[in-house]
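Predicted, not measured: the structure shown is a model, and the values here were computed from it. Below, chain A is the first sequence line, B the second, and so on; all start at residue 1.
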Amino acid sequence: MIYREAGQFKINYQSDSAILPIVQDRMFMIGLMVVSFLVIPVLGSDYFLAGILTPFLILSLAALGLNILTGYAGQLSLGSAAFMAVGAFATYNFMIRIPGIPLLLALVLGGLMAALVGILFGLPSLRIKGFYLAVATLAAQFFIEWALTKFGWFTNYSSSGVISAPEMQVFGIVIDSAAKKYLFTLAIVALLTLAAKNMVRSSLGRSWMAVRDMDVAAEVIGIPILKTKLLAFAISSFYCGIAGALWAFVLLGTVDPQAFDLHRSFQVLFMIIVGGVGSILGSYLGAAFIVLLPIVLNLIGQLFHGAISTQFLSNMEMMLFGGLIIFFLIVEPLGLARLWQIAKEKLRMWPFPH
Amino acid sequence: MNPHRKIGDVILKAENISLSFGGVKALTNISLDVREHEICAIIGPNGAGKSSMLNVINGVYHPQEGRVSYKGHVRDSMHAHEAARHGIARTFQNIALFKGMSVLDNIMTGRNLKMHTNFLQQALYWGATQREEIRHRRKVEEIIDFLQIENIRKTPVGRLPYGLQKRVELGRALAAEPTLLLLDEPMAGMNVEEKQDMCRFILDVNDEFGTTIVLIEHDMGVVMDISDRVIVLDYGKKIGDGSPEEVRANPDVIAAYLGTSH
């Protein structure tokens, strides 16, 4: 009943093509932003901020990156973690090799480096599609992991291959506390999400979806296929690169190739499958789901005070993941975001059936 | 008939086109001319090479021999997106819409060549991109209006019935403001009312925008009614070319259609 758009008329194309055309949605988004920027950093405990929200935001960003490539442009990739690693290591190297470089600039440069590598590994996409392209991106995953451990230059010849991230400073403010780290991440993720939303609702996004849905028709319309695909690889890898840098600098405090292994790539892929392929909201829902599921399971385990062993719980987690992925692939291939959309459509009518 | 609609000079010229896939000869030494503002129908039995001919004209297939010139641009092999840039748009025999997108987005995609903001401007959106989107939206709404599909503009095309999908596909082709429109069986699988609507749209497009139209169609009633000229293909060869009356009287055409022994 509350969620009604009756009486909300759009009198120009500008308001009709707004990101959130319905007033209630706009109110909710403003409320969400106020709470996440002003309330949560003050009230949230360090564990909540650093242990749940920050990883959730960073993984959402990585999922968003993969969703641009796989969900919007239709190019399946298993190399997200590799592009995250490139972003993390490039940012680290820019910071130690150019003294006094601002953190934000290093981050952007790191992202651009990831974008370049993304374009390189995106080149085969002109010739191969689907499953075979996924295998080609898998090569990126193995190659980059190998290169980062093999060549000492990347890790600045650190003996263990693991390096601690330098101190972070933005506009003279040292980012050290959990709340500051959370806010820094939130600001970057919010900005990039807005940019992604803007891209997918303008001609670039339509070109991506055109290439995904029917590439011959897209070419006949005059969309340059290779350029569109490579731009998807570049922008997707940029997002993954920034996410990787944040993961290393903000969350772990170390830059380590092990943090970006194949397991991470699959994790990001599962997020978009569960959350929703081709949906920005889906990237967030998927990330929330995959970050929260182990925590919730853990809480359930604690309820039984050791009656359930931790080993059983971690096995349980794997089984649930597997089951859910199969469930979503069969029942709702467009994921949680699609379920949410159906719920909204029903809510518009509620309590009437039609 | 509208005085503006005067058939002009030859704008599309295909000369001695031969196309084969491995050992299968799809087209053998075909030459055809299409004049400005005319409606030209290509007919022929199944497998005669009609769709292949359209694919050659807009650069999806590259013929082994022969060349196509459009408005003075001569080419042996041109890519489909270059043909689009020269003003050739088309629809497909099996609907080739972007299934995951709304009707509005599908038609907006048709205007992609006319949009020039880069991805950084689009990421910012406000400013140049928004102005561009609104300018093109206005034009797209005119097409939606023309095709009478206002009520479904926000519907994903995958949910639409077949006849409407065909209409949306025509809209997407029109969005590019083409000078030459290639329609591959625009009326296949439609009922009588839908066919009448589609005929009216085709005639209106030709009449109002002066668009040259090449269409493939199996419904002889429709073909004879709306076309200025009919080209008949059979087994990849051209067996007839002329006004509907001439073609109807052509003994080769009658043989091909009635199945008289060759």
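In summary, A/Asp16 and B/Lys154 engage in a salt bridge, as defined by a charged side-chain N under 4.0 Å from a carboxylate O.
Your options are B/Glu133, B/Gln130, B/Gln121, and the one with the most heavy-atom pairs under 4.5 Å with chain A is B/Glu133. Of the listed residues (B/Ala176, B/Ala84, B/Ala123), the greatest number of heavy-atom pairs within a distance under 4.5 Å of chain A belongs to B/Ala123. Counting heavy-atom pairs closer than 4.5 Å to chain A, the top-ranked of the candidates B/Glu132, B/Arg85, B/Glu141, B/Arg111 is B/Glu141. Note on B/Arg90, B/Met115, B/Arg137: by heavy-atom pairs under 4.5 Å with chain A, the leading option is B/Arg137.
The 12-atom threshold is exceeded at CZ of B/Phe21, counting heavy atoms of other residues, nucleotides or ligands nearer than 6.0 Å. Other residues, nucleotides and ligands contribute at most 12 non-hydrogen atoms within 6.0 Å of the CE atom of A/Met27. Counting heavy atoms of neighbouring residues, nucleotides and ligands inside a 6.0 Å radius, atom CZ of A/Phe37 exceeds 12 of them. Taking a 6.0 Å sphere around NZ of A/Lys346, one finds it holds 12 or fewer heavy atoms contributed by other residues, nucleotides or ligands. More than 12 non-hydrogen atoms from other residues, nucleotides or ligands lie less than 6.0 angstrom from CG of A/Leu32.
A distance of 5.0 Å separates CG of A/Leu194 from CH2 of B/Trp126, quoted to the nearest 0.5 Å. Taken from OH in A/Tyr13 to CG in B/Leu104, the straight-line distance is 9.5 Å, to the nearest 0.5 Å. From A/Ile235, atom CD1 reaches atom CG of B/Leu120 across 8.0 Å, with rounding to the nearest 0.5 Å. Interatomic distance, A/Met199 CE to B/Leu124 CG, rounded to the nearest 0.5 Å: 9.5 Å. For the atom pair NZ (A/Lys227) and NE2 (B/His81), the distance works out to 11.0 Å, reported to the nearest 0.5 Å. To the nearest 0.5 Å, the span separating CE on A/Met214 from OG1 on B/Thr109 amounts to 13.0 Å.
With a 4.5 angstrom heavy-atom cutoff, B/Arg172 touches chain A only via side-chain atoms. Interface remark: A/Leu334 contributes no atoms to any contact with chain B (heavy atom separation under 4.5 Å). For B/Phe119, the parts lying under 4.5 angstrom from a heavy atom of chain A are both the backbone and the side chain. Contacts of B/Ile134 with chain A are made by both backbone and side-chain atoms, with heavy-atom separations under 4.5 Å. For A/Arg212, the part lying near chain B is the side chain, with the backbone staying farther off; criterion is any non-hydrogen pair under 4.5 Å.
Of all residues in residues 216-225 of chain A, those placing a non-hydrogen atom less than 4.5 angstrom from a non-hydrogen atom of chain B are A/Val216, A/Ala217, A/Ala218, A/Glu219, A/Val220, A/Ile221, A/Gly222, A/Ile223.
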Name the atoms and distances for all side-chain donor-acceptor pairs under 3.5 Å in residues 93-103 of chain B, with sequence neighbours left out.
from     : atom 1 : to       : atom 2 : distance (Å)
B/Gln93  : OE1    : B/Ser51  : OG     : 3.3
B/Gln93  : NE2    : B/Glu185 : OE2    : 3.3
B/Ser102 : OG     : B/Asp105 : N      : 3.2

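Qualifying side chain to side chain contact (heavy atoms under 4.5 Å, CB included) partners for A/Leu339, counting only residues two or more places apart in sequence or in other chains: A/Phe328, A/Glu332, A/Leu336. Considering only residues two or more places apart in sequence or on other chains, A/Ile30 meets the side chain to side chain contact (heavy atoms under 4.5 Å, CB included) condition with A/Val34.
What you find for B/Gln122 and A/Ser203 is that their closest heavy atoms are NE2-OG, 2.8 Å.
Using modelled atom types and a 3.5 Å distance limit, the side chains of B/Asn112 and A/Ser207 yield a donor-acceptor pair.
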